[in-house]
Participant: 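Please read through the structure below; I'll follow up with questions.
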2 protein chains.
Amino acid sequence: MYYLVIRWLLADKEPDMLKVTIKLDINENLYLKNPEETELGRRIVENGILLIDEIGFESFTFKKLAEKISSTEASIYRYFENKHLLFIYLVNWYWEWMKFRVGFYTMNESGPVEKLKAAIRVIVDTSQRSTSVDYVDTEVLHRIVVTEGTKAYHKKNVDEENKEGFFLSYKALCGKLADIILEVKPGFSYSRSLASMLIETANNNIYFARHLPRLTDIRYKAGFLDEVVRMLYTFALGCIHGEGS
Amino acid sequence: MYYLVIRWLLADKEPDMLKVTIKLDINENLYLKNPEETELGRRIVENGILLIDEIGFESFTFKKLAEKISSTEASIYRYFENKHLLFIYLVNWYWEWMKFRVGFYTMNESGPVEKLKAAIRVIVDTSQRSTSVDYVDTEVLHRIVVTEGTKAYHKKNVDEENKEGFFLSYKALCGKLADIILEVKPGFSYSRSLASMLIETANNNIYFARHLPRLTDIRYKAGFLDEVVRMLYTFALGCIHGEGS
DNA sequence: TCAAAGTTGATAGTTTTACTATTATACAAA
DNA sequence: TTTGTATAATAGTAAAACTATCAACTTTGA
C-alpha cells in the first residue's frame, strides 16, 4: 500500500547537491483526486505548505490558497474535501518522507546504538545533506509539522480517521524507530512509547526553544539542533538502560 | 500574581470524600469578565468543559454553549472574547490545579526520588483521592486537556499570547517539576526538558492507549494508568541517571 | 479528425460561524 | 427614587466552508 519511488538526478550546476524526486503513495482516502498527478494538484500542495507556514493553519482557507495560486476555491475542493484533510495529507507526506530518511541514513551504520543515534539525527534535523524534494519545501513542511502537526491526530474524531488509515504512516515511522530500539535492547518493554516520545520530544523542544523557552533547556541559537540531538541521545539511552533499576 | 485559596469542606454524607473548593487566580487578560464571580460565569466554565468533551473543540461554538445553559451567545461574549481564549482559560485552570496538586502530594514525601515519583503519579492520574472541585469536573477537564490541550500553545500566534502571559501557569508547573528533578540530581542539564517531556508523554500515552495503540506499549484496560506511571518512573530515572554515559 | 471525456475557471449561491450592536428588563445598591 | 449593572432578546454583518452550474479548453482514443 505504501511504497517509495526514488529518482536521483544529478544537478550539473551544483555537483555536491543531489536533487531527489520522491514519489510517495499516500492513503487514497485523504484526497478526492491525487494531487501528485497534475500540475494544479502539485501547486496546491506546494503552496498549501507555504501558506500554512505564513499565516498558520487556523487562518488558512481554500479561498486564500486559490488566490495565491491564481485558481479558484472550487478547483481546490476537487482535490481535497476540506482543509483538515489537506493538512493530514501534508503531515502524512512528512511521515512517509521521514520513514524513508530513517531507513536511508541508518542503513550503513554499524551497530544498533549507532543506528539509533542516526535515526535521532534524522528526526531532529531535516536539513541534513541539503537534499531538495522537487515541489515540496521540506524545511517549511518540517516547520509546520513542528508547529501544528499534533492537530492532525488530536481531535474528537480520531477514531473514525484512524479507521480510514490516516495515521498508518505515523505508526509505521514509529514502528521503524521501535525496531531499532529493540535492536539496542532486545525485550525492552517500552519500545513504541519511547519511539513516539522521541519524535514528539524532538518536535516539542525545537518549538519550545523558539517560542516557549522556559519549557526547555535548549537555547535557540545557531546549532541548537545539535544540542537537541545530544539531549535525545542521553534520554534515549538513559530510558533504554534504565529499565530494571 | 498567581495564588490559590483552598477551602476544605467535609461532606457529611461521604466522610471519606473531601469536597474541595479551589479558587484559582488566572491571568486576567484571558477573560473580559471574571467567570468565577458570577453564577452565569461559572455555568459557562462548567458547561464549556462538558460541551467541549462531548463534541470536540472544533465543533464547539458559543451558540451551542448558550443553548446548553439557556443563555445567549452575546452573554457569553461578555465573559470571553472568543472560544480560543475560553479554551486557554480552561487549560490554565488545569495547569494551576496540577501545580497545586503536585505541591500538595509531594509535600510529605521523604526523599527527592519519592517526591519525583509522587509528582509523576499526580500528573498521570487525576482521580486520586476522589477529590471533587465544585463547579469544575476535573476528570472531564483532564480528558479534554489530554485530547486537545496542545492546541492551546501550538499555533501561529504563540508569541503574542506568550507575551500576554497566557502560558505562565504551564511554565510554573514545569518549573516545579524541574526543581524536583534537580533535587534528585543537582546540576542535571535537562531538568526543564525532562519536566515538559514527562507531562507531554503522560498525556500522549494516555491518549495513544485509547485511540492510537500502536504508538504506545500501554494497553488500554483497567488500571492502565498505573502502567503509565511505572513507565514514566523508568523513563524519568533513566534520563536523570543516563547523563554522562 | 471528430467526438467524448475530463479538467479547470468563472460565477453564484447556501449554510454556519464568529462576531457586534441595540434595546428592554430585572434586580441591587446608593 | 435614582442609578448602575447584568442579562436576555433580537437583529444584523462579514467571513468561512462549502455546493452547484456551466462554459472553455485540453486530452484521449477510435
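Residue numbers start from 1 in every chain, and the chains themselves are labelled A, B, ... in the order their sequence lines are given, proteins ahead of strands. Heavy atoms only: backbone and side chains are in, while hydrogens, waters and symmetry mates are out.
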Participant: Specify the residue among B/Glu73 and B/Ser70 whose closest nucleotide of DNA chain D lies further upstream toward the 5′ end.
Facilitator: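 So the residue in question is B/Ser70.
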Participant: From the list C/dC19, C/dT7, D/dT7, which nucleotide is the closest neighbour of the side chain of B/Leu40?
Facilitator: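 From the listed options, D/dT7 comes nearest.
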Participant: Look at the side chain of A/Glu200 and the backbone N and O of B/Glu200, then say whether any donor-acceptor pair between them is shorter than 3.5 Å.
Facilitator: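 Not confirmed, A/Glu200 side chain does not pair with B/Glu200 backbone.
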Participant: At under 4.0 Å, does any side-chain N or O of B/Ser71 touch on OP1 or OP2 of D/dA8?
Facilitator: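 The answer is yes; a side-chain N or O of B/Ser71 sits under 4.0 Å from OP1 or OP2.
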Participant: Could you list the residues that satisfy salt bridge (charged side-chain N to carboxylate O under 4.0 Å, His left out) with A/Asp217, not counting sequence neighbours?
Facilitator: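 Once residues adjacent in sequence are excluded, A/Asp217 has no partner under the salt bridge (charged side-chain N to carboxylate O under 4.0 Å, His left out) criterion.
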Participant: Rounded to whole Å, please give me the gap between CD in A/Glu67 and C1' in C/dG9.
Facilitator: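 Between C1' of C/dG9 and CD of A/Glu67: 14 Å.
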Participant: Is any side-chain N or O of A/Tyr77 closer than 4.0 Å to OP1 or OP2 of D/dA20?
Facilitator: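 For D/dA20, OP1/OP2 do not have a side-chain N/O of A/Tyr77 under 4.0 Å.
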Participant: Show your working on side chain to side chain contact (heavy atoms under 4.5 Å, CB included) between B/Val45 and B/Tyr135 and close with a plain yes or no.
Facilitator: CA-CA 8 Å; B/Val45 170; B/Tyr135 63 95; 3.8 Å; yes
Participant: Under the 3.5 Å rule, do the base of C/dG9 and the side chain of A/Arg78 count as making a donor-acceptor pair?
Facilitator: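 Pair found.
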Participant: Would you sort out whether B/Arg219 and B/Phe224 count as a side chain to side chain contact (heavy atoms under 4.5 Å, CB included), showing the intermediate values?
Facilitator: CA-CA 7 Å; B/Arg219 296 185 52 196; B/Phe224 81 114; over 6 Å; no
Participant: Start at the 5' end of DNA chain D and walk down; is the nucleotide closest to A/Phe60 or to A/Ala74 reached first?
Facilitator: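 Looking at DNA chain D, the more 5' nearest nucleotide goes with A/Phe60.
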Participant: Between the side-chain atoms of A/Glu81 and the base atoms of D/dC18, is any donor-acceptor pair under 3.5 Å?
Facilitator: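 No, the side chain and the base share no sub-3.5 Å donor-acceptor pair.
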Participant: Would you classify B/Lys63 as touching base, sugar-phosphate or nothing, given that sugar-phosphate means primed atoms plus P, OP1 and OP2, and contacts are heavy atoms under 4.0 Å?
Facilitator: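 Nothing, no heavy atom under 4.0 Å.
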Participant: Does B/Thr61 put a side-chain nitrogen or oxygen below 4.0 Å from OP1 or OP2 of C/dT17?
Facilitator: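 Answer is no, no contact under 4.0 Å.
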Participant: In this structure, are over 12 heavy atoms from other groups packed under 6.0 Å from B/Arg214 atom CZ?
Facilitator: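 Count not over threshold, so no.
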Participant: State which of D/dT7, C/dA10, D/dC18 makes the closest approach to the side chain of A/Thr72.
Facilitator: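 It is C/dA10.
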Participant: OP1 or OP2 of C/dT7 less than 4.0 angstrom from a side-chain nitrogen or oxygen of A/Lys33, does that happen here?
Facilitator: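 For A/Lys33, the contact criterion (side-chain N or O under 4.0 Å from OP1 or OP2 of C/dT7) is met.
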Participant: Over all strands shown, is B/Tyr79 touching base, sugar-phosphate only, or nothing at heavy-atom distances under 4.0 angstrom?
Facilitator: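 Here B/Tyr79 touches the backbone only, sparing every base.
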Participant: Let me know the distance between CG of B/Leu65 and P of D/dA8, rounded to the nearest Å.
Facilitator: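 These atoms are roughly 12 Å apart.
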